[in-house]
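Report on the structure given below.
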Amino acid sequence: MANQQFDYVVVGAGSAGAIMAARLSEDPNVTVALLEAGGSDRSLFIRMPTALSIPMNMPKYNWGFESEPEPYVNNRRLDCPRGKVLGGSSSINGMAFVRGNPRDFDQWEDEGAAGWNYSACLPYFKKMETWMYGASDFRGGHGPIAVNKGNDMALNPLYQAFIDAGVEAGYPFTADYNGYQQEGFGQKHMNVSNGVRQSTAYTYLNAARGRKNLSIIPHTLVDQILFDGDKAVGVRYHSAGHTLDINANAEVILSAGSIGSPSILQRSGIGPASVLRNASVPVRVDSPGVGENLQDHLEVYFQYECTQKVSLNRHLSWWAKGLIGARWVLRRDGLGATNHFESCGFIRSRAGLEQPNIQYHFLPGAMRYDGRAAFAGDGYQVHVGPNKPHSRGRVAIKSSSASEAPSILFNYLEREQDRIDWRDTIRLTREVLQQDALAPFRGDEIQPGMHITDDDAIDAWVRDNVESAYHPSCSVKLGSDDDPMAVLNSDCEVRGVQSLRVVDSSIFPTITNGNLNAPTMMVAERAADIVRGKLLPSEPMAVWTPNNWQTEQRSAEGHASQSTGVPS
């Protein structure tokens, strides 16, 4: 392209980068370039919510990363899909809209990310969304991302039965887990409107495309950041067999995600000196935290046979899928207009936790995330796992080549407390699924199986079956000046250089309690205002916390693991 000179160069058009480019280009006096490795998001499979497993399994839309052999899960390599398309992972994810727990953001500030507490973040959660049931103190009414509760719960009786089972087990009901009260069982929210996925490309970028000061440049593989002294002045990238430079007069903003952003920093000479030397990259800034602190959520499928013919397993034949797709094309409704996660739960695994640490996604079918049936017949399942892991991993480049995937190691289940949390999770989940509300539908437990009861058996089954929930984060964290592992200051600026920021889920100090798309979009909204110097005022709000969280946990003795422990 002729003009390679811009004020801002944003790398990555995903959940964060699309928002950064859209918001910064609202000022007609600045120019913005948005670089994206993938291409157009204009695909039926991306726009149709029920088709989510298709783009996630297409190399055209997915970087297709995988971990190194994970030593604590039987040396298995786990998939780590990341979006490679306009909208990034927001164009291929499950559209589960979860802000996280308010305490997550207060903890960010406690750990050195000044100004990132819940009161400061709440206005940006509200700014980015249109809650389809009306604005309130907790919910936004005029933002680009439309959020709703999905279909009528009457679409499938299993949804309400799961919520009722959670309440029968002694947990609270929550009318809005993204508002005053996260803890409890209730309807799941999704960023879907009029039957269409609400990705950041479909919403933010579509609204900004006509601006003359915004250039969207797809199919670009970013090699490294360019510097003049210690100032970032542009980016070098590869496209169509050519190597090109693009200049940034004001700032370079990395929004390439929790795998891409640390990799680009390391290829640019910013990272742990040992990693850079091993990759034959000259050290510009010895920043030991780049690529470290990597966190993710794990989950398993807890599955039961269903004794009534009401599950999604009835709709997995090619002709049934064809009818669902045809109805969606014609009317944008029906089973094609949902991600099928219409009910959910958030609970605490033990006393002494101020916030939930286990999350449930309920699905009225027994199948894998890629849409393959688990068995012949009707079934249902919950995707479940602990949301506050103690184990930490890392991302490290293996060479200076942008075309070589980095080494990714999560160290899943390395810490003893994570293994304790999983034992509690399995026992508490079985207790919920054995409640009377599900009795009219409940057949045999497919997996783990009722014989999986003691600690050793649970540990072995989890090691064999646990999978990533696809929430890598925290690999370029925010923090205070006295934290040597904090790569960024509270304004998202990279320490040791000038005019370079990182804005995506890699900047989280700790992983949030839920799916990552919503907090990643919030981070971008707030970071855009930091760049523009126009932060919204904080909104202090009281939120629900159980009175007995320090001393009691609801589960009856003998059902949950009575083991206790602290991180090793």
Output every pair passing ring-ring contact (aromatic ring centres under 6.0 Å, His included) with a member in [range], not counting sequence neighbours, ordered by first then second residue.
range: residues 66-101; answer: none
range: residues 409-430; answer: Phe410-Tyr412
range: residues 47-66; answer: Trp63-Phe65

Sorted by first residue and then second, give each salt bridge (charged side-chain N to carboxylate O under 4.0 Å, His left out) pair with at least one member in residues 178-199; sequence neighbours left out.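 Output for this query lists Glu183-Arg348.
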According to salt bridge (charged side-chain N to carboxylate O under 4.0 Å, His left out), does anything in residues 434-450 pair up with another residue at least two apart or in another chain? List the pairs.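 Counting only pairs at least two positions apart or across chains, the salt bridge (charged side-chain N to carboxylate O under 4.0 Å, His left out) contacts touching residues 434-450 are Arg430-Glu445.
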Applying the side-chain contact (heavy atoms from CB on, under 4.5 Å) criterion to Trp461, which one of Asp456, Val300, Val466 satisfies it?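 Exactly one pass, corresponding to Val300.
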Rounded to the nearest 0.5 Å, what's the gap from [atom1] on [X] to [atom2] on [Y]? Could you check?
X: Arg76; Y: Glu68; atom1: CZ; atom2: CD; result: 15.5 Å
X: Ser475; Y: Arg392; atom1: OG; atom2: CZ; result: 12.0 Å
X: Arg42; Y: Tyr202; atom1: CZ; atom2: OH; result: 10.5 Å
X: Ser391; Y: Gln295; atom1: OG; atom2: CD; result: 9.5 Å

Decide if the gap between the ring center of Phe362 and the ring center of His383 is smaller than 6.0 angstrom. no
Centroid separation under 6.0 Å, is that true for the rings of Phe105 and Phe125?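 Ring centroids of Phe125 and Phe105 are less than 6.0 Å from each other.
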Over-ring placement of Arg332 relative to Trp328, 6.0 Å and 45° cut-offs: yes
Identify whether NZ of Lys or CZ of Arg in Lys149 sits under 6.0 Å from the centre of the six-membered ring of Tyr133 and within 45° of that ring's axis. yes
Carboxylate-amine/guanidinium contact Asp421 Arg350, below 4.0 Å: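 A salt bridge is present here (some side-chain N lies under 4.0 Å from a carboxylate O).
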List for me each residue that meets side chain to side chain donor-acceptor pair (under 3.5 Å) alongside Gln198, sequence neighbours excluded, and say none if there are none. none
Among Tyr171, Phe346, Phe185, Tyr360, ring pair (Phe, Tyr, Trp, His ring centres under 6.0 Å) partner for Tyr177: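 That would be Phe346; it is the only one of Tyr171, Phe346, Phe185, Tyr360 passing the ring pair (Phe, Tyr, Trp, His ring centres under 6.0 Å) with Tyr177.
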Stepwise side chain to side chain contact (heavy atoms under 4.5 Å, CB included) check, His189 with Trp131: CA-CA 10 Å; His189 307 163; Trp131 179 233; 3.5 Å; yes
Under a plain distance cut-off of 3.5 Å, with no hydrogens placed, do Ser15 and Asn517 share a side-chain donor-acceptor pair?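 Judged by distance alone, the side chains do pair up.
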Taking Ala256's backbone N and O only, do any of them form a donor-acceptor pair with Ser261's side chain (distance below 3.5 Å, no angle check)? yes
